[in-house]
Amino acid sequence: MNSPNQKRRIFLKGVLATTAVSSAIGTGLAYTYPTTKTTWPKAAFNANSIKKALLKLTGDNTITPNPGGILIKAPAIAENGIAHITIQSNIERTESITILIPNNALPLVANFKLDPSVTNTITTRIKIKNSGDIMAVIKADNKLYSATKKMRLTTAK
Amino acid sequence: MAKKTIEVRAKYKNGITTINALINHPMEAGSLIKHKAGNVISPHFIQEVTCTHKETTLLTAQWGIGMPMNPYLSFGFNGGKKGEEITLKWVDNKGDSDAATTIIK
């Protein structure tokens, strides 16, 4: 009865059923991250606004703009949706550097927690989906400081 | 993972050690769009990267789906000596992980 072919059929049925259910859930709800068991701040990455994301991440969302203390080096035009960016914090006792893109559905991109010996400069690459601002938030002495930089997106075709 | 995924280098100059790392990872953001085959692309991305030197965690990076494929990371720290070890480790949302150790040059 249970020939390999039949087993395969049963397996395929199961797969189709589960995907149908998950897609049905997906259409009704906004996109959310899957659950995992790490110290990864899921609630912050799932937040749909900057204020919510920062509140979940740091427990605070009062941001003081400090364009002089934070330097964002990024190209004015992001080609092919990827930008190479450098964030330099001149604020003393910097504890963490957070990169946010306000235009994204899920604005929190990355959070870097730094040891006091680190030179407060981070270089990385991020995805740019739309033209708009990039925001860097620095946490120092339990206060949040921010700076933004405008970027334009072009796609080569 | 059998294949080496981390390319990490550390260089000491004028009291600062600079670490450059490139990780080979799809960083799939996932999609709920139904494809022809009826399947859904599930997200697969690195959630946490840690860099350690002499049992001190220099940096903990927490990443979301806004990071691109094959992410790059560079930073420096005060201290370090030529010949000391730097370890970089990543963990993704499917529980996969990899670690690499390099010697400061």
Side-chain angles (χ1 to χ4, degrees), chain A residues 12 15-16 18-20 22-27 29-42 44-46 53 57 80-84 86-87 96-101 104-129, chain B residues 14-23 27 29-35 37-80 90-97:
Chain A
L12 276 175
V15 169
L16 285 174
T18 46
T19 48
S22 56
S23 62
I25 295 165
T27 46
L29 296 164
Y31 180 80
T32 50
Y33 283 106
T35 44
T36 41
K37 290 174 194 169
T38 49
T39 52
W40 192 68
K42 193 183 159 236
F45 279 95
N46 265 330
L57 193 69
N80 298 323
I82 291 176
H84 200 93
T86 300
I87 293 167
S96 74
I97 295 178
T98 309
I99 303 170
L100 298 127
I101 301 178
N104 281 7
L106 304 172
L108 184 56
V109 174
N111 180 38
F112 300 91
K113 288 185 204 163
L114 311 178
D115 185 74
S117 68
V118 175
T119 56
N120 300 346
T121 307
I122 293 279
T123 304
T124 190
R125 280 196 298 232
I126 55 168
K127 266 193 257 183
I128 310 284
K129 287 171 190 161
Chain B
N14 300 336
I16 293 169
T17 305
T18 310
I19 298 158
N20 288 303
L22 189 63
I23 304 169
M27 294 299 274
S31 163
L32 288 169
I33 298 162
K34 210 171 173 187
H35 291 269
N39 59 344
V40 168
I41 300 170
S42 58
H44 186 204
F45 60 96
I46 295 172
Q47 289 186 322
E48 215 156 71
V49 179
T50 47
C51 189
T52 48
H53 166 246
K54 282 186 173 179
E55 292 166 10
T56 311
T57 306
L58 297 172
L59 174 129
T60 308
Q62 293 161 332
W63 290 347
I65 54 169
M67 292 299 284
M69 188 181 174
N70 301 339
Y72 168 79
L73 175 67
S74 171
F75 69 98
F77 73 97
N78 295 309
W90 61 258
V91 181
D92 72 16
N93 66 327
K94 290 187 178 176
D96 291 341
S97 67

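Order of the sequence lines sets the chain letters (A, B, ...), proteins ahead of strands, with each chain counted from 1.
- With sequence neighbours left out, T121(A) forms a side-chain contact (heavy atoms from CB on, under 4.5 Å) with T86(A), Q88(A), T119(A).
- Contact annotation for T56(B): only side-chain heavy atoms (C-beta onward) come within less than 4.5 Å of a heavy atom of chain A.
- The CG atom of N78(B) sits 9.0 Å away from the CG atom of N120(A) when rounded to the nearest 0.5 Å.
- Tested against I65(B), the residues L108(A), N104(A), L106(A) include a single side chain to side chain contact (heavy atoms under 4.5 Å, CB included) partner, L106(A).
- For chain A, the nearby parts of T60(B) are the backbone and the side chain; heavy atoms of each come within less than 4.5 Å.
- Contacts between L22(B) and chain A at a heavy-atom distance below 4.5 Å involve the side chain alone, from C-beta outward.
- In this structure, chain A has a heavy atom under 4.5 Å from the side chain of I16(B), while its backbone stays farther away.
- For the residue pair V118(A) and G76(B), the shortest heavy atom distance occurs at CG1-O, 3.3 Å.
- Of the two parts of I126(A), the backbone and the side chain both hold a non-hydrogen atom closer than 4.5 Å to a non-hydrogen atom of chain B.
- Formation of a donor-acceptor pair under 3.5 Å by the K113(A) side chain with backbone atoms of Q62(B) is not found in this model.
- In terms of heavy-atom proximity, W40(A) sits nearest to W63(B) at NE1-O, 2.9 Å.
- More than 12 heavy atoms of other residues, nucleotides or ligands shown are found within 6.0 angstrom of NZ on K129(A).
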Could you go through residues 66-74 of chain B and list every donor-acceptor pair under 3.5 Å that involves a side-chain atom there, pairing it with any protein atom two or more places apart or in another chain?
residue : atom : partner : partner atom : Å
N70(B)  : OD1  : H25(B)  : N            : 3.0
Y72(B)  : OH   : N20(B)  : OD1          : 3.1
S74(B)  : OG   : N20(B)  : OD1          : 2.9

